[in-house]
Amino acid sequence: MEITVASEEKAILQKVWNKRPLIISGPCSAETEEQLTATAERLAKTGKIDVLRAGIWKPRTKPGLFEGVGTKGLPWLQKAKKATGLLTTVEVATAKHVEDSLQFDVDILWIGARTTVNPFSVQEVADALKGVDIPVLIKNPINPDLELWSGAIERIQKAGIKQVGMIHRGFSNYGNTEYRNAPMWHLPIEMKRRFPEMMLICDPSHICGNRTLLQSVAQKSIDLDFDGLIVESHIDPDNAWSDAKQQITPETFGKMLDDLKWRSETSDKEDFVNALAKLREQINHLDDELLTLLSQRMKIAEKIGNYKRENNITILQTGRWNEILQKAIQRGSKLDLSEDFIAKYLDAVHLESINHQNKIMNS
Ligand code: PEP
Ligand code: MN
């Protein structure tokens, strides 16, 4: 009997883990049994949620803030799961967190951004997971360091965990910006390249830090072929004990899911496949031309390098560089290219050009 129940539970977990999109929601923190139960019930009622999340131990940036209810909240999750059928997930940062979560049948563990950043902590969690069969989601580190993120994944995999996924929750920055944690989309895209088979889900709540941007960030992640979402929800968002500004009610989240445009990576429709292939062919052709032109540009820069060497002139002339930049920004705005893009593009071209000239001048 025991074995049947256990294998049935494994099969359900397997099915949920493989479901696309995978939808996780729940409060930033479990606060009281009533709050958690009501959130779980209202989330389940939407019929769109797979996994209930709740922070039990909260890594707060400053002392004196609510640091989570601790182990006593785990039976609340267990009860909520029984009542709703939602699987559960909890953030773990120490061996004790892992042991307690396993004892109370948490289905999926996640490693938070402040833990991923610390190899000692990740290793402690990995050691506690040796011989355990449980899926683990790993958030990106708070700083934009892909080696730390990959390193944490490798540590957990080395401990024998087979089901590992990634959560993109953005990267912290200094000062006030539009986002609480800048999404820097090119970084999760690079992780997808490094781990093509691995699940990657988006956490718009911690990227945005507010409610207004949630929908557009979630949509962007879907457009980038992410595998699911983890969004914080609360029965009374304004009075949440942590992350009040970014939480939404379970019903608002349900509506948000309805309004998202779900897309798939491929389609079998012949018209679409042919049209896409043609357009991609054009892009390949243009990319090739752009590279040829850039190479020609570097050859000219090298010629200039020769003249500069003969006449003992510095490589960098700030006036000339400013002139190029200003002209390009003006021209770019007419061609519908953003100032930000032009600046980044020319910066890269300029640096490459300097390197080419440097080789000539010091050869
Ligand atoms: C959380 O999920 O509530 C949390 C603490 O997130 P992060 O680790 O992304 O800051
Ligand atoms: Mn939170």
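Whatever order the structure lists them in is the order used to number ligands and atoms, beginning at 1. This chain uses plain numbering: 1 for the first residue, then up along the sequence.
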Next item on the list: Could you go through the side-chain contact (heavy atoms from CB on, under 4.5 Å) check for H206 and D243 one step at a time?
Entry: CA-CA 9 Å; H206 293 90; D243 287 352; 3.0 Å; yes
Could you identify the single nearest non-hydrogen protein atom to [atom] and state the distance to 0.1 Å?
atom                   : answer
atom 8 (O) of ligand 1 : A113 N, 2.9 Å
atom 9 (O) of ligand 1 : R169 NE, 2.6 Å
atom 6 (O) of ligand 1 : K139 NZ, 2.9 Å

Note to self: Check R194 with E190, please: is the shortest side-chain N to carboxylate O separation under 4.0 Å?
What the structure shows: yes
Item checked: Check ion pair D133-K162 (N to O, under 4.0 angstrom) -> no
Next item on the list: Before giving the answer on side-chain contact (heavy atoms from CB on, under 4.5 Å), spell out for D258 and K48 the whole-Å C-alpha distance, their side-chain angles and the decisive distance to 0.1 Å.
Entry: CA-CA 9 Å; D258 278 339; K48 299 171 203 299; 2.9 Å; yes
Taking C-beta and beyond as the side chain, do [X] and [Y] meet within less than 4.5 Å on heavy atoms?
X    : Y    : value
I23  : F253 : yes
N143 : V117 : yes
L129 : V136 : yes

Give the atom numbers and elements of ligand 1 that come within less than 4.0 Å of a heavy atom of [X].
X    : value
W110 : 2 (O)
C28  : 3 (O)
K58  : 1 (C), 3 (O), 5 (C)
G112 : 8 (O)

Check: Quick one: does D203's side chain have a donor or acceptor within less than 3.5 Å of a partner on H168's backbone?
Finding: no
Item checked: Any G55 heavy atom less than 4.0 Å to ligand 1 -> no
Checklist line | Selected option - heavy-atom contact closest to atom 2 (O) of ligand 1, from Q246, R53, E91, R60 | finding: R53
Notebook entry, point to check: Which is closest to atom 1 (C) of ligand 1 in terms of heavy atoms, H206, H168, R180?
Noted result: H206
Check: Near the Mn ion (ligand 2), which protein N/O/S atoms fall under 2.8 Å?
Finding: C28 SG, H206 NE2, E232 OE2, D243 OD2
Item checked: ligand 1 to D243 polar contact by distance, N or O atoms, under 3.5 Å -> no
Margin query: Nearest 0.5 angstrom please: L200 CG to F195 CZ, how far?
Written below: 11.5 Å
Item checked: Shared hydrophobic cluster for V69 and L52 (ILVMFWY, side-chain gaps under 4.5 Å) -> yes
Note to self: Show the nearest heavy-atom pair for residues P250 and H234, with the distance to one decimal.
What the structure shows: CD-O, 3.6 Å
